[in-house]
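Have a look at the structure below before the remarks.
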Amino acid sequence: MKKLILGLLLATSVVSFASKKEKMIEKELMTKYPALTDGTTSIKVDEYDVDVDEKHIDLKIELKGTKDKEEFNKLNKEKLDALAAEMAKFTQTEAKHEVPVNLKIKLDLEKPLPDETLFKKTF
């Protein structure tokens with residue numbers, strides 16, 4: 001019984017540490033990359049979501065509303081790809097985990113409309 005309780009406490013602390021680490025990375029991303037920009041067009045990022053797994057890292061970037069979709073379509077796609085690669089590398093460095101990063105930019109639409117994926121790539 002004591003071993004079971006000790007095991008549960010250890011598992012809980014590991015999950016708690018991982019969650020704190022992911023939240024820290026999200027804050028760092030928001031500080032370093034508050035907007036997606038190509039130099040002429042800029043879109044404010046609403047939220048970052050980072051999930052660090054043993055085999056990969058999921059990085060989700062959330063934008064809000066249809067106005068952001070119009071602005072997103074104006075972005076230079078080559079510069080967006082370079083910015084996304086830079087964000088993926090930054091996330092790997094902060095996580096201290098050199099695994100593939102699945103980056104996804106999603107548009108959060110008003111309910112009941114589902115979210116729309118605008119960009120998806122693995123780095």
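All values reported here derive from a predicted model rather than from experimental measurement.
Heavy atoms only, all atoms of each residue included: Ile57 and Ala95 are closest at CD1-CB, 4.0 Å. Considering every non-hydrogen atom in both Glu116 and Leu109, the closest pair reads OE1-CD1, 4.3 Å. In this structure, Lys55 and Pro100 approach most closely via the heavy-atom pair O-CD, 3.5 Å. Looking at every heavy atom in both residues, Asp51 comes nearest to Lys60 through OD2-NZ, 4.1 Å. Shown here for Leu75 and Thr41, the closest heavy-atom pair between the two residues is CD2-O, 3.6 Å. Looking at every heavy atom in both residues, His97 comes nearest to Val52 through CD2-CG1, 3.9 Å.
Looking at Gln92, its side chain does come within 3.5 Å of a backbone N or O of Val99 through a donor-acceptor pair.
Between Glu28 and Phe90 there is a side-chain heavy-atom pair separated by less than 4.5 Å. Phe123 is listed as a side-chain neighbour of Asp81, based on a closest heavy-atom distance under 4.5 Å. Put simply, the side chain of Leu29 does not reach to within 4.5 Å of the side chain of Val45, judged on heavy atoms. In this structure the side chain of Phe72 never reaches within 4.5 angstrom of the side chain of Asp68, judged on heavy atoms. Contact of the Leu103 side chain with the Thr122 side chain is not registered, since no non-hydrogen atoms from C-beta on lie closer than 4.5 Å. Put simply, the side chain of Leu83 does not reach to within 4.5 Å of the side chain of Asp38, judged on heavy atoms. In this structure, the side chains of Ile61 and Met87 come closer than 4.5 Å at one or more pairs of heavy atoms. The side-chain heavy atoms of Phe119 and Lys106, taken from C-beta on, include no pair separated by under 4.5 Å.
The OH atom of Tyr48 sits 8.5 Å away from atom OG1 of Thr91, with the distance rounded to the nearest 0.5 Å. Here the straight-line distance linking atom CD of Glu62 with atom CD1 of Ile105 works out to 12.0 Å at 0.5 Å rounding. One distance of note links CE of Met30 with CD of Glu47; it measures 7.5 Å at 0.5 Å rounding.
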From CA spacing to verdict: side-chain contact (heavy atoms from CB on, under 4.5 Å), Lys104, Leu59:
CA-CA 6 Å; Lys104 189 183 291 186; Leu59 171 57; over 6 Å; no
side-chain contact (heavy atoms from CB on, under 4.5 Å) between Thr37 and Ile43, worked out
CA-CA 6 Å; Thr37 185; Ile43 306 167; over 6 Å; no
Give the C-alpha distance, both sets of side-chain angles, the deciding distance and a yes or no for salt bridge (Lys or Arg N to Asp or Glu O under 4.0 Å) between Lys23 and Glu26.
CA-CA 5 Å; Lys23 294 295 178 201; Glu26 291 167 6; 3.6 Å; yes
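In this structure, Lys89 does not pair ionically with Glu86, as no charged nitrogen and carboxylate oxygen lie closer than 4.0 Å. Look at Lys74 and Glu71 and you find a salt bridge, because one of the NZ, NE, NH1 or NH2 atoms lies within 4.0 Å of a carboxylate O, short of that distance.
Open room surrounds NZ on Lys96; 12 or fewer heavy atoms of other groups in view lie less than 6.0 Å from it.
Using modelled atom types, one finds no donor on one side chain facing an acceptor on the other under 3.5 Å when comparing Thr117 with Asp115.
Considering only residues two or more places apart in sequence or on other chains, Asp58 meets the side-chain hydrogen bond (donor to acceptor under 3.5 Å, both in side chains) condition with His56, Asn102. Glu78 is linked by a salt bridge (Lys or Arg N to Asp or Glu O under 4.0 Å) to nothing, counting only residues two or more places apart in sequence or in another chain.
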